[in-house]
Amino acid sequence: MARLLIRGGRVLDPASEMDEITDVLVEDGKIAAVGQGLEARGAEVLDAEGCWVAPGFIDLHTHLREPGQEYKEDLGSGGRAAVAGGFTSIVCMANTAPVNDDPSVTEYILNRARSDSPARVFPIAAATMGLAGEVMTEMAALHEAGAVAFSDDGKTISDAGVMRRVLEYSKLVGVPVVVHAEDCALRADGVVNEGPVSTRLGLPGNPCLAEDILVARDLMLTELTGARLHVAHISSAGAVDLVRRARERGLSVTAEVTPHHLALTDEATLGYDTNTKMAPPLRSASDVAACRKALAEGVIDVIATDHAPHAVHEKEVEFTEAPPGILGFETAYPVVMDMVRADELSPLELMRRMSTNSTRIMDVPGGSLAVGSAGDVVVLDPTRQWTYDPAKGYSKSRNSPWAGQEMTGRVVATVVEGRLVYHCDRGVLIP
Ligand code: DOR
């Protein structure tokens, strides 16, 4: 199998706290050596001078749309966009068509991903049949088929009794339940954060309370059941505070935040751009500040993109009619680099939240450059400037609020299982 020598980069390995300029050798799909002056001996050499070399990014929250909505994305295009964004392992949500509530769907996704996606793909299965919030799925069979977590994602499980049983059974299976926290009655038909911006826009508001109240409920149910809860795309200061206090009490709760909830406020929506519409919505500046602080402190464990492709014709409609969600893979790194530039996170700590911490939440490989670990590596240029054009990206969709914007920070190369699958000058190389 191929040998790849990544030479002279700033190696950032959160798993071992390493932050030094050195070489990394990847061989037979695994990290073979890390150290000064490693010899090429027939290996392909990647010059990483001036770059960061880290464990490949891991994304615990993505929508790859296959099966059923391949006009938006499929496992191949999603996987290519992922590696172009530096992601080596991606976890995909169950809201496909059909829903991933049956082991045959889980197996289908895994089989297609094996042949079509250069990134490793791990499915989250539905917690209830058809995401309808009523009848639980066969969790053991879905886990056996390869599901790494359970979630009804954007379809809230409104019945607390059902959620309690979901948590109880997930504990038997030994995987977390992921909650997209939005109380349906409080959200109602809200499409932007409730506050001065929704008033100015004349659009129905979706209050922070819709998120907070569901996080509070699910933390109580987590305490009751002793299960593991993972809070998806946390966005409100109130929810952050609830998670902080639950962790202090020793509950098994983890949380993720998206690049957009770290970088944009609801003011980005003032132009009615449907590419600023997502669920949960962009929040106020104080909510963004609370998320950034909690991420820096480790109360929020990971950054996850919530990559949610939608077709142009679906987004080019009135704001209230557009589906929520934006692309995430190819802009994640430059967007979150803002926290390093603002001195809120060190490079090593950013890599921990983009990679290593995810391996503690779900059973996904990577997150370490220790010898013998998965040969999943990303090479990053922290200062390279480029202009993002979704039309030149790898997703089938274009829905990004950063279209046409100047970015600082670029993924130079992505290595999955020891194979160079993406290089910024050569594009996606396989499959
Ligand atoms: O913005 C979002 N888009 N939030 C969700 O919960 C669903 C997702 C999608 O599937 O498009």
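Whatever order the structure lists them in is the order used to number ligands and atoms, beginning at 1.
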Practice task
Could you tell me whether the side chain of Lys315 and the main chain of Ala322 form a donor-acceptor pair under 3.5 Å?
Solution key: no
Handout entry: salt bridge (Lys or Arg N to Asp or Glu O under 4.0 Å) partners of residues 215-241, not counting sequence neighbours, each pair once
Key = Glu223-Arg249, Asp241-Arg245
Handout entry: Arg353: partners by salt bridge (Lys or Arg N to Asp or Glu O under 4.0 Å), with sequence neighbours left out
Key = Glu349
Exercise for the section: Check whether the ring centres of His63 and His307 lie less than 6.0 Å apart, and answer yes or no. Expected result: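 Centroid distance His63-His307: not below 6.0 Å, so no.
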Completion exercise
Expected contact list for ligand 1 at under 4.0 angstrom, heavy-atom basis, is His63, Arg65, Asn95, Asp153, Gly154, His180, Met278, Ala279, Asp306, Ala308, His310, Pro324, Gly325
Exercise for the section: Identify whether NZ of Lys or CZ of Arg in Lys277 sits under 6.0 Å from the centre of the six-membered ring of Phe319 and within 45° of that ring's axis. Expected result: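 Judged by the rule (NZ or CZ under 6.0 Å from the ring centre, within 45° of its axis), Lys277 counts as positioned above Phe319.
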Exercise for the section: Hey, could you give me each pair passing side chain to side chain donor-acceptor pair (under 3.5 Å) that has a residue in residues 326-340? Not counting sequence neighbours. Expected result: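 Sorted pair list: Arg292-Asp338.
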